[in-house]
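See below for the structure under consideration.
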Protein chains: 2
Amino acid sequence: MPASRGRGQSAGLTRAQIIEAAGDIVADAGAGALSMRTLATRLDVTPNALYAHVDSKDDVIDGVLDNVLGEVRRASPQAADPIAALERIMTSTYAVLVGHRDLVPSFLSRQGSRGPNALALGDIMNHLLGRIGAEDVDAARRVLVVHAIGSAAFATTGSEGRLAVSERVARQHFDLGLRWLLAGIVETAAKNETGGVTDR
Amino acid sequence: MPASRGRGQSAGLTRAQIIEAAGDIVADAGAGALSMRTLATRLDVTPNALYAHVDSKDDVIDGVLDNVLGEVRRASPQAADPIAALERIMTSTYAVLVGHRDLVPSFLSRQGSRGPNALALGDIMNHLLGRIGAEDVDAARRVLVVHAIGSAAFATTGSEGRLAVSERVARQHFDLGLRWLLAGIVETAAKNETGGVTDR
DNA sequence: ACCTGAACACCGTTCAAGT
DNA sequence: ACCTGAACACCGTTCAAGT
């Protein structure tokens, strides 16, 4: 019920404000509770008013996803040990995603968000992978991202399924896979080290 | 419009029949087109009639997912080369999932289906991983499954996103990651080979 | 047991106003 | 430009019948 406003009166809505409110709903009541209507109610406007600032519900979700990615602890591209820096970025990404469980399916179906935070993270990863000497930077980055998001999707204190596994064990599995992948990337890079361009 | 039937007349509905029809809808018109109402229409019954045979829409989706998993080419647990057999199983899983793109998000959010086909596949993987001497069979299996499903989720001829990549390249990335993971599993197994139990 | 009729409590989105 | 009112075309699920 948009309560107190007359017909042409601005509610002072902003795209950023809408997306933040959407994030709050997801945090408070789960992703299933997010609808254009619950969102409108929280902002004290009618549902259709939102469409002056966002394109669609998917647009809203994209914004929420990128905000979440903003919580990832970003390592510096100039970190002394690029492999350790990559390990930290991916581990932080995993932790953030596990902290926002019911957003993870959206993450995968929308291919991990294309917002500014996702792009910044991707750039840092590219730079670190370049310093390691990765043969195919795009491939390495994608495999790492798939592992982080996929692992988060599988890390559920899974109600009924018997494969369900504790958060601690899921985290161990993630760590193990991450080490295997980084080792593979490094090894592939080492093979190609026939005087190619490196960082120092 | 359930056309020609009187009030208590059986339509001869079966759970298997319902799930098959649901799979047909997804194949014909995409996952977005599947609703209890479109499903009922296709089966020429009213929507609520379905609830005598299935618990919910999620129940239907679980059935569809497991049917899809039935298409995976199963390697024999006794295959001469267990590593190659694992590689074949994962590659076939990836291919099947890419062939059912819009089901993949459901796959991840429902943790890969718990039906008979999923269980059978998991058993074969466990046996092969045991023969390789994997240190932690559960971890290895989960990491491989996450890689296959996650890679499939990211393999889209992605409309607008700039990260979108051709099906060929996505497949190359999957292959690369799979090799890294299998190498890691084998290497971890080799380290622990201090006279433990093996297959021969 | 297995179905229909009717309803409940929702959705996302659009279109024509009003200021 | 930014909002409201009203509507369109849907959802999943339940409950009370009928045979």
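Nothing here was measured: the structure is a model prediction, and the numbers come from that model. By convention in this document, chain letters (A, B, ...) are assigned in the order of the sequence lines, proteins followed by strands, and residues within each chain are numbered from 1.
Using a 4.5 Å heavy-atom threshold, the side chains of B:V96 and B:H100 count as touching.
No side-chain N or O of A:H53 forms a donor-acceptor pair with one of A:R15 less than 3.5 Å apart. Using a 3.5 Å distance cut-off with no hydrogens or angles, the side chains of B:N117 and B:R74 do pair a donor with an acceptor.
Nucleotide C:dT14 is matched to D:dA6 when pairs are restricted to Watson-Crick or G-U wobble geometry with both distances under 3.5 angstrom. Across all strands shown, C:dA1 forms a Watson-Crick or G-U wobble pair, both distances under 3.5 Å, with D:dT19.
As a whole-Å value, the separation of B:D59 CG from D:dG12 P is 14 Å. Atom-to-atom, CG of B:L39 to P of D:dT13 comes out at 12 Å; the value is rounded to the nearest Å. In this entry the distance linking NZ of B:K57 with P of D:dG12 reads 5 Å, nearest Å. Summarising the geometry, the separation between OH on A:Y51 and P on C:dG12 is reported as 6 Å, rounded to the nearest angstrom. B:I61 places its CD1 atom 10 Å from the P atom of D:dT13, with the value rounded to the nearest Å. Protein atom CG of A:L43 is 11 Å distant from nucleotide atom P of D:dT4, rounded to whole Å. B:L50 has its CG atom 13 Å from the P atom of D:dT14, to the nearest Å. Computed from coordinates, the A:I18 CD1 to C:dG12 P distance equals 14 Å when rounded to whole Å.
Checking C:dT13, D:dC3, C:dT4 against the side-chain heavy atoms of A:A49 singles out D:dC3 as nearest. Picking from C:dG12, D:dT4, D:dT14 the nucleotide with the shortest atom distance to the side chain of A:R37 gives C:dG12. Side-chain proximity of B:T46 to the nucleotides D:dC11, C:dT4, C:dG12 is greatest for C:dT4.
With P as the reference atom, D:dA9 and C:dC10 are 22 Å apart, rounded to whole Å.
Residue contacts shown for B:A52 are absent, as no nucleic acid heavy atom lies under 4.0 Å away. B:G32 comes within 4.0 angstrom of nothing in the nucleic acid, heavy atoms only. B:T14 comes within 4.0 angstrom of nothing in the nucleic acid, heavy atoms only.
At C:dA1, none of the side-chain N or O atoms of B:H53 fall inside 4.0 Å of OP1 or OP2 (strictly under the cut-off). One finds no side-chain N or O of B:S35 lying less than 4.0 angstrom from the OP1 or OP2 phosphate oxygen of D:dC10.
A salt bridge links A:D28 to A:R42: at least one charged side-chain nitrogen sits closer than 4.0 Å to a carboxylate oxygen.
Toward the 5′ end of DNA chain D lies the nearest nucleotide of A:L13, the other residue of the pair B:D55 and A:L13 mapping further downstream.
Put simply, the residue from A:V72, A:L65, A:V104 that forms a side-chain contact (heavy atoms from CB on, under 4.5 Å) with A:L97 is A:V104.
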